[in-house]
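Okay, here's the structure, questions in a sec.
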Amino acid sequence: MSNSQASDHLPDFDLITYYSENCHSILCKISPWTKLMGLIAIIAILTIIQSIELLIALYLFVVVLYWQSDLPLRKLSDWYLLPILFVLSLVIILMWNEPGVPLFSLRLPWLSLTLTDKGLLLPIRLLLKALIPITSSLLLLMTTRYAHLSAMIYRIFPSPLDQIFLMSYRFLFITLDMVNSMIRAFKSRGGGIIRSIGRQSQVFAEIFALVFIRSYDRAERVNKALESRGYSGKYIAATEIQQMRPLEYIILLVLFFTVAYLLLFYSSSV
């Protein structure tokens with residue numbers, strides 16, 4: 001983790017970039033196009049299947065790939081905290097009154113809540129559906145060099161969307177460093193002591209408003225600096241991307257045949 005990181009539970013983009021530029025595992029040698037289409041296939045499978053067993057198997061498969069790529073499992077578990085809290089905050093409301101076998105009932109004067117077997121499995125299903133794409137996306141980012149990612153973005157998205165993606169990634173580091181420095185300055189002046197939730201929320205809102213204003217000013221300066229160096233609104237990524245090998249074509253065919261099979265035969269039975 002970089003020293004500028006405010007929390008262990010926020011993705012450290014410096015660390016992600018370090019692994020992507022210094023990766024030597026088998027997955028790092030695979031064509032970026034194969035990994036991108038594999039990610040799309042995994043997301044497509046997630047939208048089709050509802051079985052807990054299949055979701056667990058898919059999650060274990062992705063985690064094993066992550067582990068075999070020599071990526072940090074400890075950091076992955078730290079980065080899971082925020083999506084887990086987000087999912088659980090929604091599931092607390094959604095898990096009640098689901099169709100299924102009743103397990104527990106809570107009757108209030110104005111409301112009746114029933115917890116069923118399917119409602120009890122809902123948190124597990126939603127957690128798996130959240131963690132699988134997060135892990136898969138991190139796997140793609142941490143095993144693909146930025147030059148290859150930028151070249152793929154340049155070839156996939158039309159202008160100016162490609163410029164927006166490329167510039168956002170490049171200057172995301174600067175913005176995060178700005179946020180972290182402000183939070184550290186805030187804490188060094190006693191801001192870490194919570195006197196009231198309302199006051200604390202107001203202070204953090206002021207911090208992020210200040211970050212937005214400074215980011216806008218910096219964007220203006222960066223744009224003028226780019227124009228002075230000949231930038232005309234178009235960035236050409238000339239990096240050559242590794243072509244897919246025959247084995248990679250076979251793997252992708254298996255993945256997309258799996259998606260087609262699930263879409264034709266499995267989705268109708270869910």
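This structure is a prediction, so every number in the text was calculated from the model and none was measured.
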Common cluster, Leu81/Ile134, ILVMFWY with side-chain heavy-atom separation under 4.5 Å:
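The answer is no; the residues belong to distinct hydrophobic clusters.
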
Quick one: pull up CG in Leu39 and OG1 in Thr135 and give me the separation to the nearest 0.5 Å.
11.0 Å

Show the numbers, then the answer: is there a side-chain contact (heavy atoms from CB on, under 4.5 Å) between Gln68 and Leu27?
CA-CA 9 Å; Gln68 289 297 318; Leu27 195 60; over 6 Å; no

Please lay out, stage by stage, how Leu126 and Leu88 fare under the test side-chain contact (heavy atoms from CB on, under 4.5 Å).
CA-CA 9 Å; Leu126 291 181; Leu88 291 180; over 6 Å; no

Donor-acceptor pair, side chain of Ser69 and main chain of Leu71, under 3.5 angstrom:
no

Where Met37 and Phe256 come nearest, the two heavy atoms and their spacing:
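For Met37 versus Phe256, the nearest heavy atoms are O-CZ, 3.8 Å.
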
Counting only pairs under 3.5 Å, give me each side-chain donor-acceptor contact of residues 143-154, with atom names and distances, residues two or more places apart or in other chains.
{"unit_1": "Thr143", "atom_1": "OG1", "unit_2": "Leu139", "atom_2": "O", "d": "2.5"}
{"unit_1": "Thr144", "atom_1": "OG1", "unit_2": "Lys35", "atom_2": "NZ", "d": "3.1"}
{"unit_1": "Thr144", "atom_1": "OG1", "unit_2": "Leu140", "atom_2": "O", "d": "2.8"}
{"unit_1": "Arg145", "atom_1": "NE", "unit_2": "Glu21", "atom_2": "OE1", "d": "3.4"}
{"unit_1": "Tyr146", "atom_1": "OH", "unit_2": "Arg170", "atom_2": "NE", "d": "3.1"}
{"unit_1": "Ser150", "atom_1": "OG", "unit_2": "Tyr146", "atom_2": "O", "d": "3.2"}
{"unit_1": "Ser150", "atom_1": "OG", "unit_2": "Ala147", "atom_2": "O", "d": "2.8"}

Within a strict 4.5 Å, meaning less than it, do heavy atoms of the Val91 and Leu127 side chains meet?
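Side-chain contact under 4.5 Å: no.
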
For the CG atom of Leu262 and the OG1 atom of Thr47, what is their distance to the nearest 0.5 Å?
9.5 Å

Do Val254 and Phe61 share a hydrophobic cluster, counting only Ile, Leu, Val, Met, Phe, Trp and Tyr and linking them when any side-chain heavy atoms are less than 4.5 Å apart?
no

Do Ile241 and Arg155 have side chains that get closer than 4.5 Å, going by heavy atoms?
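SC-SC contact between Ile241 and Arg155 confirmed.
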
In short, salt bridge (Lys or Arg N to Asp or Glu O under 4.0 Å) pairs touching residues 238-260 with sequence neighbours left out are Arg245-Glu248

Separation between OG of Ser31 and OH of Tyr249, rounded to the nearest 0.5 Å:
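With rounding to 0.5 Å, OG (Ser31) is 8.0 Å from OH (Tyr249).
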
Rounded distance [0.5 Å steps], OG1 in Thr17 versus CG in Leu141:
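Reported to 0.5 Å precision, the distance equals 8.5 Å.
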
Side-chain hydrophobic cluster, 4.5 Å single linkage: members besides Leu253:
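Traced through the cluster, Leu253 reaches Phe257.
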
Would you compute the distance between atom SG of Cys28 and atom OH of Tyr19 and round it to the nearest 0.5 angstrom?
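Those atoms lie 11.5 Å apart.
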
My understanding is that only one of Ile56, Val63, Leu58, Val62 makes a side-chain contact (heavy atoms from CB on, under 4.5 Å) with Leu60; could you say which?
Ile56

Taking the side chain as every heavy atom from C-beta outward, state whether Arg229 and Lys224 have any atom pair closer than 4.5 Å.
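Of all side-chain heavy-atom pairs linking Lys224 with Arg229, none is under 4.5 Å.
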
If you link ILVMFWY side chains whenever their heavy atoms are less than 4.5 Å apart, which other residues fall into the same cluster as Val64? By chain and number, please.
none

Give the C-alpha distance, both sets of side-chain angles, the deciding distance and a yes or no for side-chain contact (heavy atoms from CB on, under 4.5 Å) between Met142 and Lys75.
CA-CA 12 Å; Met142 298 175 78; Lys75 298 303 299 181; over 6 Å; no

Inter- and intrachain pairs under salt bridge (Lys or Arg N to Asp or Glu O under 4.0 Å), touching residues 54-70, at least two apart:
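Pairs touching residues 54-70 that pass the test: none.
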
With distance as the sole test, does Gln242 use its side chain to make a donor-acceptor pair with the main-chain N or O of Lys29 at under 3.5 Å?
yes

Do you know which two heavy atoms are closest between Leu121 and Ile52, and how far apart they sit?
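Minimum heavy-atom contact is O-CD1, 3.9 Å.
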
For residues Leu73 and Leu138: do they belong to one hydrophobic cluster (side chain heavy atoms under 4.5 Å, members Ile, Leu, Val, Met, Phe, Trp, Tyr)?
yes

Please check: side-chain N/O of Ser136 versus main-chain N/O of Pro133, any donor-acceptor pairing under 3.5 Å?
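A pair under 3.5 Å: no.
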
In this structure, CD1 of Ile251 is separated from CE of Met244 (nearest 0.5 Å) by 11.0 Å

Show the nearest heavy-atom pair for residues Ser228 and Ala225, with the distance to one decimal.
OG-O, 2.6 Å

Kindly check if the number of other-residue, nucleotide or ligand heavy atoms within 6.0 Å of CD1 (Ile26) is above 12?
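Atom CD1 in Ile26 is not crowded, with 12 or fewer foreign heavy atoms closer than 6.0 Å.
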
Side-chain donor or acceptor of Arg125 paired with backbone N/O of Ser51 under 3.5 Å:
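No: the side chain of Arg125 does not pair with the backbone of Ser51.
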
Quick one: list whatever passes side chain to side chain donor-acceptor pair (under 3.5 Å) with Tyr59, sequence neighbours left out.
Tyr80

Side chains of Val87 and Pro123, heavy atoms from C-beta outward: is any pair under 4.5 Å?
no

